[in-house]
Amino acid sequence: MENGLLILGLIGLLFLSMYGYAYGTVALEKMRLKKQQQEIERLEAIKKQERLQRQKAREEKLAKLKKRSDEIRLELNRLEKVNLQRATKDQKKVEKMKERIEQKQQAAS
């Protein structure tokens, strides 16, 4: 009977170790997959952050370009007004000269 209990204990230990081995390999595989998934998620988060940083840099650059474009447009408008004022002044001077010439011609006649 003693040997029977010993054999029964050994068989139980054998089945228990087989179950432990089978479960252990499955558990290790799950842990490995979980680590891989975490690594993939970490890399995706890094890529997403880099994309956001590049997008922010593009937006800042676009804002600077737009601001510069507005500054240039304002300066061109200002120069256009100055040129228009000069043109009107020059035109007035020409008209005055014509009047003087006409007056001189009338006075000479």
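Nothing fancy with the numbering, it's 1 onward along the sequence. These values consider heavy atoms only, across backbone and side chains, with no hydrogens, waters or symmetry-generated copies. Since the structure is predicted, the reported quantities are computational estimates derived from the model, not experimental observations.
Qualifying salt bridge (charged side-chain N to carboxylate O under 4.0 Å, His left out) partners for Glu75, counting only residues two or more places apart in sequence or in other chains: Arg78. In terms of the side-chain hydrogen bond (donor to acceptor under 3.5 Å, both in side chains) criterion, Glu99 has no residue partners (sequence neighbours excluded). For Val94, the side-chain contact (heavy atoms from CB on, under 4.5 Å) partners at least two apart in sequence or on another chain are Lys98. Under the side-chain contact (heavy atoms from CB on, under 4.5 Å) criterion, Tyr21 pairs with Thr25, not counting sequence neighbours. Leu16 pairs by the side-chain contact (heavy atoms from CB on, under 4.5 Å) definition with nothing, not counting sequence neighbours. Qualifying side-chain contact (heavy atoms from CB on, under 4.5 Å) partners for Gln103, counting only residues two or more places apart in sequence or in other chains: none. Residues passing the side-chain hydrogen bond (donor to acceptor under 3.5 Å, both in side chains) test with Asn77: none are found, sequence neighbours excluded.
In terms of modelled atom types and a separation under 3.5 Å, the side chain of Ser69 and the main chain of Leu65 share no donor-acceptor contact.
More than 12 heavy atoms of other residues, nucleotides or ligands shown are found within 6.0 angstrom of CE on Met18. In Gln55, the CD atom is crowded: over 12 heavy atoms of neighbouring residues, nucleotides or ligands sit closer than 6.0 Å.
Listed by first then second residue, pairs satisfying salt bridge (charged side-chain N to carboxylate O under 4.0 Å, His left out) with a partner in residues 45-66 number zero, not counting sequence neighbours. Residues in residues 27-42 take part in these salt bridge (charged side-chain N to carboxylate O under 4.0 Å, His left out) pairs, two or more places apart or across chains: Glu29-Arg32, Glu39-Arg42.
Hydrophobic clustering (ILVMFWY, side-chain heavy atoms < 4.5 Å, transitive): Ile7 and Phe15 are in one cluster.
Across Arg73, Arg68, Lys67, a single residue satisfies salt bridge (Lys or Arg N to Asp or Glu O under 4.0 Å) together with Asp70, and that is Arg73.
Remark: Leu8 CG to Asn3 CG distance equals 12.5 Å, nearest 0.5 Å. Here NZ of Lys81 is found 12.5 Å from CG of Asn83. Values are rounded to the nearest 0.5 Å.
Within the hydrophobic cluster formed by Ile, Leu, Val, Met, Phe, Trp and Tyr side chains joined at under 4.5 Å, directly or through other members, Ile72 is accompanied by Leu76.
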